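See structure below.
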Amino acid sequence: MLYLYYIMSTIYDKYEVVIGLEVHAQLNTQTKIFAADEASFGAAPNTHISAITLGLPGVLPKFNGAVLEKAIRLGLALNCNITPENHFARKNYFYADLPKGYQISQDKLPICTGGFVEITINNQQKKIALTRIHMEEDAGKNNHELDENYSLIDLNRAGVPLLEIVSEPDIRSSDEAYQFLTEIRKIVRFLDVCDGNMEEGSLRCDANVSVRIHGETNYRNRVEVKNMNSIRNVKRAIDIEVKRQIDIYESGATIDQETRSFNQADGTSFPLRSKENAHDYRYFPEPDLPPVIVTENDIQAIKLSMPELPKQLFDKFTKDYHLSDYDAYILSDDKETVSYYQELIKHTNNFKAAANWLINEIKHYVHEHHLPLSSFVVKPIKIAEIIALVDQNKISSTGAKTVFHQLIDSPESSAISIAENHNLLQSNDDNELKNWAAQAIAQMPEKAMEYKKGKKGNLNLFMGIVMKLSKGKADPKLTTKILEELLSQ
Ligand code: ADP
Ligand code: MG
């Protein structure tokens, strides 16, 4: 068995995986790209369908400027060049969900060219180059399941704006593809460009996959795999496709360029079309829309309105606030967490304690209660109050947790008043502490002897007694110091 595994793994290891991704991000604009219909998801079928969406004769499209702004925001965040003069093109094909018989897209002059997405793989940074990002309209949606005799068409989605992000074939494993998509999803959410929901289809990904023997310089034929509804399923579909291709090459056959559809239920895929029946889209310039001009001033204005991005935040948190990579990663992962943290550190300089409270206590609490962080009732300033009380030795870390949970029940109270009411304020009075410490030692003279002979662990026994005597109010750090002093006499 082990031997067989060895042979198998060497066969697969001989091959290098080559992947290029095409990602469609549905923009979260109010209205469609060329019509005033609502662009929102989830309305009753065929309720957002003006004459423009239906492609009725005589109507003209009008470009929605909000689409351009979002496209430029994404392009700037992904280090792209922005094209100053944009043209739309007609991409012609016949399909039931495409009322006009063509999709308005961009061909030769996409809004963004070049650029890259930075991913971390095995603790190393890697840049995945982008080919282009272009603006286009979505098609409607066919449904073959709802009715037994008919296919149903919902045109609400027709004309909803999309950005298509195309990567170079720079991705070398399904893990890299996973990271790439995770990064894109994070960035589109930060930029408020797209809600990034793969399950609802507002972020979609087609994976182009090929393999070649390590050291080969030319790429081999690729297969495009479609219809994955989560980032995990993209990774899974790639792994399955890689194995399928290697098995075919190893059997002596070759791979033809084709498009396949992935079945999430059983992990198989089936061919949709081969190269021979590939579409000829007969692209030509869209005559009904004037060119869209982007000036340097437009770009500058958009640059000024850009939020801090995860990468910049990560660098700031690690370099300026000296947080660990782990903390910085979690704190820069989504906008809500970032904004809570940024607000919190306006009120405390203890960046590490702030990170701990947010990551451990607050995030656990909201996760457990299935709440968004934005609806968490305790304001950052109250957490800063708790941190200050701990830093001043006024409450213990256990006391702090009690204050935290009390604040959740009465978020308007102050941390100090809760600490007072619950008798959590620690005694910092040296004399009182010394008294308790002396009493503790007197209760167990033989343990004190052992301590003096080297059994340092006995300190905890005395600490326990002091805590009992003080009803938990003794400050542990100070008590330790006093006990050590007394025991060394
Ligand atoms: P199309 O428009 O027909 O889909 P493109 O040339 O735009 O073709 O390529 C689409 C995607 O396929 C890009 O992401 C590109 O990086 C990727 N790609 C191209 N060749 C290969 C290959 N041999 N193996 C894997 N991916 C590839
Ligand atoms: Mg393609």
Side-chain angles (χ1 to χ4, degrees), residues 317 321-328 330-331 341 344-345 347-365 378 380-408 413-489:
F317 293 166
Y321 301 170
H322 305 289
L323 298 180
S324 66
D325 285 6
Y326 172 83
D327 287 351
I330 296 182
L331 294 177
Y341 188 67
L344 179 50
I345 58 175
H347 305 287
T348 175
N349 288 327
N350 193 338
F351 302 126
K352 176 62 186 157
N356 287 347
W357 275 99
L358 181 48
I359 294 171
N360 300 329
E361 303 304 326
I362 302 174
K363 279 195 154 257
H364 277 182
Y365 179 86
V378 182
I381 192 167
K382 305 283 171 171
I383 303 295
E385 286 175 22
I386 302 181
I387 293 172
L389 290 175
V390 173
D391 286 350
Q392 295 155 14
N393 282 326
K394 290 195 174 140
I395 54 175
S396 67
S397 55
T398 327
K401 284 189 186 140
T402 309
V403 174
F404 173 72
H405 287 285
Q406 292 299 322
L407 271 172
I408 294 174
S413 310
S414 72
I416 183 91
S417 69
I418 290 177
E420 269 165 8
N421 293 342
H422 287 75
N423 222 0
L424 295 167
L425 289 179
Q426 295 184 134
S427 171
N428 284 325
D429 180 336
D430 267 21
N431 284 331
E432 208 177 8
L433 270 184
K434 270 187 192 146
N435 223 326
W436 287 324
Q439 280 184 49
I441 293 169
Q443 280 184 23
M444 293 192 294
E446 68 292 353
K447 297 290 175 196
M449 280 310 286
E450 284 175 16
Y451 177 92
K452 286 178 186 173
K453 286 181 187 156
K455 204 166 171 196
K456 298 295 179 206
N458 280 2
L459 194 85
N460 290 332
L461 298 171
F462 303 116
M463 176 71 85
I465 297 174
V466 173
M467 282 299 165
K468 222 182 262 168
L469 292 171
S470 71
K471 302 199 174 66
K473 285 194 286 180
D475 168 21
K477 271 188 227 144
L478 205 53
T479 310
T480 303
K481 199 171 135 247
I482 289 172
L483 279 168
E484 280 170 353
E485 273 167 23
L486 289 178
L487 285 164
S488 66
Q489 282 165 12

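Residue numbers run from 1 in the order of the sequence given. This is a predicted model, so every value here is computed, not measured.
- Ring centroids of Tyr341 and Phe317 are separated by less than 6.0 Å, placing the two rings close together.
- Between Glu420 and Leu425 the shortest side-chain heavy-atom distance falls below 4.5 Å.
- Formation of a donor-acceptor pair under 3.5 Å by the Lys382 side chain with backbone atoms of Ser413 is found in this model.
- Within 6.0 Å of NZ on Lys477 lie no more than 12 heavy atoms contributed by other residues, nucleotides or ligands.
- Across all non-hydrogen atoms, the minimal contact from Pro380 to Leu344 is O-CD1, 3.2 Å.
- Without hydrogens or angle criteria, Gln406 side chain to Ile418 main chain gives no donor-acceptor distance under 3.5 Å.
- Once rounded to the nearest 0.5 Å, the distance linking CE of Met463 with CG of Asn458 reads 13.0 Å.
- Judged by distance alone, the side chain of Thr348 and the main-chain N or O of Ile345 form no donor-acceptor pair under 3.5 Å.
- A distance of 8.0 Å separates NZ in Lys456 from CD in Glu484, rounded to the nearest 0.5 Å.
- Side-chain contact between Ile465 and Gln439 is absent, with no heavy-atom pair separated by less than 4.5 Å.
- By the 30° and 60° cut-offs, the orientation of the rings of Phe404 relative to Tyr365 is perpendicular.
- Side-chain contact between Lys473 and Asn423 is present, with at least one heavy-atom pair separated by less than 4.5 Å.
- Using a 4.5 Å cut-off on side-chain heavy atoms (C-beta onward), Leu478 and Asn393 make no contact.
- Atom OH of Tyr321 is separated from atom CG of Asp327 by 14.0 Å, given to the nearest 0.5 angstrom.
- Note: Ile395 CD1 to His422 NE2 = 12.0 Å, rounded to the nearest 0.5 Å.
- The shortest side-chain heavy-atom distance between His347 and Ile387 does not fall under the 4.5 Å cut-off.
- Rounding to the nearest 0.5 Å gives a distance of 6.5 Å between CG of Leu331 and CG of Leu323.
- In plain terms, the two heavy atoms of Leu424 and Gly399 that are nearest each other are CD1-O, 3.7 Å.
- Smallest separation of non-hydrogen atoms from Thr479 and Ala474: OG1-CB, 3.6 Å.
- Side-chain contact check for Ile330 versus Lys363: some heavy-atom pair is nearer than 4.5 Å.
- A side chain to side chain contact (heavy atoms under 4.5 Å, CB included) with Ile441 is found for one member of Leu461, Val466, Leu487 and no other, namely Leu487.
- Counted within 6.0 Å of NZ on Lys452, heavy atoms from surrounding residues, nucleotides or ligands total more than 12; the atom is thus considered enclosed.
- When side chains are defined from C-beta on, Asn356 counts as touching Lys352, because their heavy atoms get closer than 4.5 Å.
- In this structure, the separation between CD on Glu446 and CE on Met444 is 7.5 Å, given to the nearest 0.5 Å.
- What you find for Phe462 and Ala448 is that their closest heavy atoms are CZ-N, 3.6 Å.
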